[in-house]
Enquirer: 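Below you'll find the structure I mean.
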Amino acid sequence: MFRKNDPMKSAQQPHAARSGGLMQGAKYAALITGTALLLAGCAVGPDYQKPDMPLSSHWRNANADTPSRPPELAYWWKKLDDPLLNQLIEEAIENNLDVRTSKAKVREARASYRQTNGALFPTLDASGSATRSKAAGSNGSTGTVGNLYNGGFDASWELDLFGANRRASEASKYGLDAAEEELRATLLTLIGDVTTNYVEARGYQSRIALARRTAESQDETAKLTRNRFQVGSSSGLDVANAEGQASSTAANIPTLQTAFASSVHRLGVLTGREPTALTDRMKRSTSIPTPRLPMPSGVPATVLLTRPDVRLAERQLAQSTANIGAAEAAKYPAVSLTGSIATSAAKFGDLGKNSSISWSFGPTLSVPIFNAGKLAAAADVARAQRDQYFLAYKSSVLSALEDVENALVGFSQERVRLRSLQKSVDSYRNAASLSQSLYQTGSVSFLDVLDADRSLYSAEDSLIQSKVLLTTYYISLQKALGGGWSGDVDTSKPEVVDQNAGPRLALTKTASKSQ
């Protein structure tokens, strides 16, 4: 056993004896440290292995013209050839509040990893004090006044024989990976939302323009019908029907304008601005962005590599597996090495002399003997949480496959519907033109003209909606395959930069102003 030396006795010992004691202490420390390092390679708990999920070799709802080569996910929105959309996405990446929150979570996870890693290394603390005191006198004496100076270092190191700290560090590293995947998932969702709302806004603009053109044409028809009625060549019923149809078409415009404004307001918020910030930039109407074909979709295994939410679930599973090892290690003995060296003297100049130095070194052993099953229960909790994350991972994979299959069948069927609607528009346009000509010759009634005109407007409006829906399915497919931001994202910049955060006299603003 090593005992704390008395400074006065140490001063009286021969130098050789003191050196021999130090040598023995060094050998003892080396023996314990070497044994600890050998044992430090031990770790309890399961080692993480990525789950192997059997997946199909092809997408069931992929068409023959859908290549199975790896999908082109990098900057997929640029294939829509809309410069303003590209600008808005870049602005959203920079300013969106959800993205900035995810960046802060990455910084938090990175700092937590560094903090957890610190438990693997020794700690060293320094201390010092200076005391001036007066002893009470006796027999009428005034007492004595003296000084006492102390200084020293304390060191400790938990040997982590069963890997508790290493498992915790491992879990923290997986947590950092999960935070980075969460950021990528946020970017994926953001880009999809910006593109979807932009396409919908352009669709509403096209529908508003169509409604205005149709309403103006129907107003002209109503005026002509009214003039014919005044000269007796048309009936009051024709006038009422013509005016009613024009008003009915015009009534659609406010509803469409409301929907357009909502999409623009959403875009403003998604880009980190006020809702109306993009109103002027979106005022000019342009065509609805349309995807280029063909679109490669890869194979189902693609989602395991490209979907950030799937990778996030996998990292969370890895983290929960490491937590089992940390909980299991708590059931085993813990050994720490502690040491200290101190110097104490009545005069400041005497600090550090052999006669004023004392030291101690030795291991500390902690063995859990009885804890009413608390540690075993903690390990069972960790295993149950691992099972939940395992099932969550499988669920995320199945959901990803479902998203892709839904987007593929939706895109494929909407292309068929779009072609049919285009034929419908062409047919109704011919019917509207023929009905006008036949009405002039008296071969058809005016109701036939109005019906043809109404059918043409309805078909053209459905065609615009189908174009929007087709691009929306394209967006859904890119999101389902894992298409997000492929560029660099700076996560090091804090949102709030503290000024004058060092040691200073703490004064409130109110107190400072009052002075």
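These values consider heavy atoms only, across backbone and side chains, with no hydrogens, waters or symmetry-generated copies. In this text the structure is predicted, and so the values were computed from the model without any measurement.
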Enquirer: Assess whether a salt bridge exists between Glu181 and Arg311, defined as any Lys/Arg side-chain N lying under 4.0 Å from an Asp/Glu carboxylate O.
Expert: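 Yes, Glu181 and Arg311 are salt-bridged.
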Enquirer: Please tell me whether Tyr473 and Gln478 have a donor and an acceptor in their side chains that are separated by less than 3.5 angstrom.
Expert: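 The answer is no; no qualifying pair exists.
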Enquirer: Write out all pairs satisfying salt bridge (charged side-chain N to carboxylate O under 4.0 Å, His left out) with one or both partners inside residues 204-215, taking only residues at least two apart or from two chains.
Expert: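 Every pair satisfying salt bridge (charged side-chain N to carboxylate O under 4.0 Å, His left out) with a residue in residues 204-215: Arg207-Asp461.
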Enquirer: Are Leu55 and Leu304 packed together at the side-chain level, in the sense that at least one heavy-atom pair is separated by less than 4.5 angstrom?
Expert: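 With C-beta onward as the side chain, the pair touches.
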Enquirer: Looking at every non-hydrogen atom in both residues, tell me the closest pair between Ala164 and Ala329 and how far apart they are.
Expert: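 The pair with the smallest heavy-atom distance is CB-CB, 3.4 Å.
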Enquirer: Who pairs with Tyr75 by ring-ring contact (aromatic ring centres under 6.0 Å, His included), at least two apart in sequence or on another chain?
Expert: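 Testing Tyr75 for ring-ring contact (aromatic ring centres under 6.0 Å, His included), a comparison that skips the adjacent residues, returns Trp77, Trp485.
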Enquirer: I need the full list of ring pair (Phe, Tyr, Trp, His ring centres under 6.0 Å) pairs touching residues 179-207, with sequence neighbours left out, sorted by first then second residue.
Expert: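 Of all non-adjacent pairs touching residues 179-207, none passes ring pair (Phe, Tyr, Trp, His ring centres under 6.0 Å).
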Enquirer: What pairs of residues pass the salt bridge (charged side-chain N to carboxylate O under 4.0 Å, His left out) test when at least one of them lies in residues 49-61, not counting sequence neighbours?
Expert: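 Sorted result for residues 49-61: empty, none.
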Enquirer: For residues 397-429, pull every pair meeting ring pair (Phe, Tyr, Trp, His ring centres under 6.0 Å), keeping only residues two or more places apart or in separate chains.
Expert: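 Listed by first then second residue: nothing to list.
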Enquirer: Ignoring hydrogens, what is the shortest heavy-atom contact between Ala400 and Val303? Give both atom names and the distance.
Expert: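 Shortest heavy-atom contact: CB-CB, 4.1 Å.
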Enquirer: So, are Asp451 and Arg454 salt-bridged, with charged N and O less than 4.0 Å apart?
Expert: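 A salt bridge is present here (some side-chain N lies under 4.0 Å from a carboxylate O).
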Enquirer: Would you indicate whether Tyr393, at its atom OH, is surrounded by more than 12 heavy atoms from other residues, nucleotides or ligands within a distance under 6.0 Å?
Expert: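 For Tyr393, atom OH is crowded (more than 12 foreign heavy atoms under 6.0 Å).
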Enquirer: Looking at Gly268, is its backbone amide N or carbonyl O close enough to the side chain of Thr271 to form a donor-acceptor pair, meaning the two atoms are under 3.5 Å apart?
Expert: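 Side chain of Thr271 to backbone of Gly268, a donor-acceptor pair under 3.5 Å: yes, one is there.
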Enquirer: If only atom types and distance count, is the side chain of Thr195 paired as donor or acceptor with the main-chain N or O of Gly192 below 3.5 Å?
Expert: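 It does not hold such a pair.
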Enquirer: Compare every heavy atom of Tyr457 with every heavy atom of Ala211, then report the nearest pair and how far apart it is.
Expert: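 Looking at all heavy atoms of both residues, the shortest contact is CB-OH, 3.7 Å.
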Enquirer: Are any non-hydrogen side-chain atoms of Leu80 and Thr290 less than 4.5 angstrom apart?
Expert: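 Not in contact.
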Enquirer: Is the shortest heavy-atom distance from the side chain of Val404 to the side chain of Ser297 under 4.5 Å?
Expert: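 Counting from C-beta outward, Val404 and Ser297 never come under 4.5 Å.
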Enquirer: Taking salt bridge (charged side-chain N to carboxylate O under 4.0 Å, His left out) as the cut-off, I'd like each qualifying pair that reaches into residues 376-399, sequence neighbours left out, listed once.
Expert: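 The answer is Glu328-Arg383, Asp380-Arg383.
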Enquirer: Treating Ser102 as the side-chain partner and Leu183 as the backbone partner, does any N or O pair qualify as donor plus acceptor under 3.5 Å?
Expert: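 Side chain of Ser102 to backbone of Leu183, a donor-acceptor pair under 3.5 Å: no, none is there.
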Enquirer: Is there a side chain to side chain contact (heavy atoms under 4.5 Å, CB included) between Glu402 and Leu398 once you walk through the steps?
Expert: CA-CA 6 Å; Glu402 180 186 15; Leu398 295 179; over 6 Å; no
Enquirer: Between Asp426 and Lys423, does the salt bridge (charged side-chain N to carboxylate O under 4.0 Å, His left out) criterion hold? Intermediate values first, please.
Expert: CA-CA 5 Å; Asp426 294 340; Lys423 293 179 180 179; over 6 Å; no
Enquirer: So how far is it from Tyr48 OH to Ser320 OG, rounded to the nearest 0.5 Å?
Expert: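 Output value for this atom pair is 8.0 Å.
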Enquirer: Do side-chain atoms of Ser424 reach the backbone of Ser420 as a donor and acceptor pair under 3.5 angstrom?
Expert: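 Side chain of Ser424 to backbone of Ser420: no pair is present.
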Enquirer: To the closest 0.5 Å, what do you measure between CG (Leu337) and CH2 (Trp157)?
Expert: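 Between Leu337 CG and Trp157 CH2, I get 7.0 Å after rounding to 0.5 Å.
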Enquirer: For Val269 and Pro275, work out which heavy atoms get closest and say how close.
Expert: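 The pair with the smallest heavy-atom distance is CG2-CG, 4.1 Å.
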Enquirer: After noting the C-alpha distance and the side-chain angles of Asp403 and Lys479, does the key distance pass the side chain to side chain contact (heavy atoms under 4.5 Å, CB included) rule?
Expert: CA-CA 9 Å; Asp403 291 342; Lys479 289 175 58 180; over 6 Å; no
Enquirer: Output every pair passing ring pair (Phe, Tyr, Trp, His ring centres under 6.0 Å) with a member in residues 286-336, not counting sequence neighbours, ordered by first then second residue.
Expert: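 The answer is Phe162-Tyr332.
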Enquirer: For Ser262 and Thr258, indicate whether the former's side chain and the latter's backbone hold a donor-acceptor pair under 3.5 Å.
Expert: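 Pair found, side chain donor or acceptor close to backbone of Thr258.
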Enquirer: Show your reasoning for whether side chain to side chain donor-acceptor pair (under 3.5 Å) applies to Ser156 and Thr123.
Expert: CA-CA 5 Å; Ser156 64; Thr123 61; 2.8 Å; yes
Enquirer: Suppose we screen for salt bridge (charged side-chain N to carboxylate O under 4.0 Å, His left out). Which residues come up paired with Arg415, at least two apart in sequence or across chains?
Expert: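 With sequence neighbours excluded, Arg415 shows a salt bridge (charged side-chain N to carboxylate O under 4.0 Å, His left out) to Asp65, given in chain and number order.
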Enquirer: Restricting to non-hydrogen atoms, name the atom on Lys79 and the atom on Ala74 that form the minimum distance, rounded to 0.1 Å.
Expert: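 Closest approach of Lys79 to Ala74, heavy atoms only: NZ-O, 4.0 Å.
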Enquirer: Determine whether the side chains of Thr196 and Thr472 contain a donor N or O and an acceptor N or O closer than 3.5 Å.
Expert: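 There is no such pair (donor and acceptor under 3.5 Å, judged by atom type) between the side chains of Thr196 and Thr472.
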Enquirer: Counting C-beta onward and ignoring hydrogens, is there a side-chain heavy-atom pair between Leu278 and Leu88 closer than 4.5 Å?
Expert: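 Yes, close enough: below the 4.5 Å cut-off.
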Enquirer: Is any side-chain heavy atom of Lys103 closer than 4.5 Å to a side-chain heavy atom of Arg107?
Expert: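 Answer yes - side chains close enough.
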Enquirer: Salt bridge (charged side-chain N to carboxylate O under 4.0 Å, His left out): which pairs involve residues 252-273, sequence neighbours left out?
Expert: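 Qualifying pairs, neighbours excluded: Glu91-Arg273.
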Enquirer: For a 4.5 angstrom cut-off between non-hydrogen side-chain atoms, does Leu481 reach Leu73?
Expert: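 Counting from C-beta outward, Leu481 and Leu73 do come under 4.5 Å.
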Enquirer: Looking at every heavy atom in both Val335 and Pro363, which two are closest together, and how far apart are they?
Expert: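 Minimum heavy-atom separation between Val335 and Pro363: CG1-CB, 4.5 Å.
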Enquirer: Between the side chains of Asn117 and Ser169, is a donor N or O closer than 3.5 angstrom to an acceptor N or O?
Expert: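 A pair is found: one side chain offers a donor N or O, the other an acceptor, under 3.5 Å apart.
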Enquirer: Residues two or more places apart in sequence or in another chain: which of them pass salt bridge (charged side-chain N to carboxylate O under 4.0 Å, His left out) with Lys105?
Expert: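 Glu182.
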Enquirer: Is there a donor in the side chain of Ser360 and an acceptor in the side chain of Ser340, or the other way round, less than 3.5 Å apart?
Expert: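 Ser340 and Ser360 do have a side-chain donor-acceptor pair below 3.5 Å.
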Enquirer: Which residues pass the salt bridge (charged side-chain N to carboxylate O under 4.0 Å, His left out) test with Arg100, not counting sequence neighbours?
Expert: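 By the salt bridge (charged side-chain N to carboxylate O under 4.0 Å, His left out) rule, Arg100 matches Glu495.
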Enquirer: Does any non-hydrogen side-chain atom of Gln319 lie less than 4.5 Å from one of Thr321?
Expert: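 No, too far: nothing below the 4.5 Å cut-off.
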Enquirer: Are any side-chain N or O atoms of Arg315 and backbone N or O atoms of Gly175, one a donor and one an acceptor, separated by less than 3.5 Å?
Expert: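 Here the side-chain-to-backbone pair does not exist.
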Enquirer: Would you check if the side chain of Glu405 reaches a backbone N or O of Asn61 as a donor-acceptor pair within less than 3.5 Å?
Expert: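 Yes, Glu405 side chain to Asn61 backbone: donor-acceptor pair under 3.5 Å.
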Enquirer: Within the 3.5 Å criterion, strictly below it, is a donor on Thr286 or Arg202 matched to an acceptor on the partner's side chain?
Expert: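 Their side chains do contain a donor-acceptor pair, which is all the 3.5 Å distance test asks for.
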Enquirer: Is the backbone of Ile464 close enough, under 3.5 Å, to the side chain of Ser206 for a donor and an acceptor to pair up by distance?
Expert: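 Flag not set: sc Ser206 to bb Ile464 has no pair under 3.5 Å.
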Enquirer: Are Arg167 and Asp160 close enough, and set up right, to give a salt bridge (charged side-chain N to carboxylate O under 4.0 Å, His left out), and what steps lead you there?
Expert: CA-CA 10 Å; Arg167 289 299 192 190; Asp160 196 27; over 6 Å; no
Enquirer: Can you check whether Val299's main-chain N or O pairs, donor with acceptor, with Thr302's side chain at less than 3.5 Å?
Expert: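 The answer is yes, because a donor-acceptor pair under 3.5 Å joins these two groups.
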Enquirer: Quick one, Leu469 and Tyr474 - any side-chain contact, counting heavy atoms below 4.5 Å?
Expert: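 No. Closest side-chain heavy atoms not under 4.5 Å.
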Enquirer: So how far is it from Ser396 OG to Tyr389 OH, rounded to the nearest 0.5 Å?
Expert: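 Reported to 0.5 Å precision, the distance equals 12.5 Å.
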Enquirer: Determine whether more than 12 heavy atoms belonging to other residues, nucleotides or ligands lie under 6.0 Å from atom CD of Gln87.
Expert: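 Counting other residues, nucleotides and ligands, CD of Gln87 exceeds 12 neighbours.
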Enquirer: Once salt bridge (charged side-chain N to carboxylate O under 4.0 Å, His left out) is applied, do any residues pair with Arg417, and if so which ones, sequence neighbours excluded?
Expert: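 Per chain and number, Arg417 pairs via salt bridge (charged side-chain N to carboxylate O under 4.0 Å, His left out) with Glu414.
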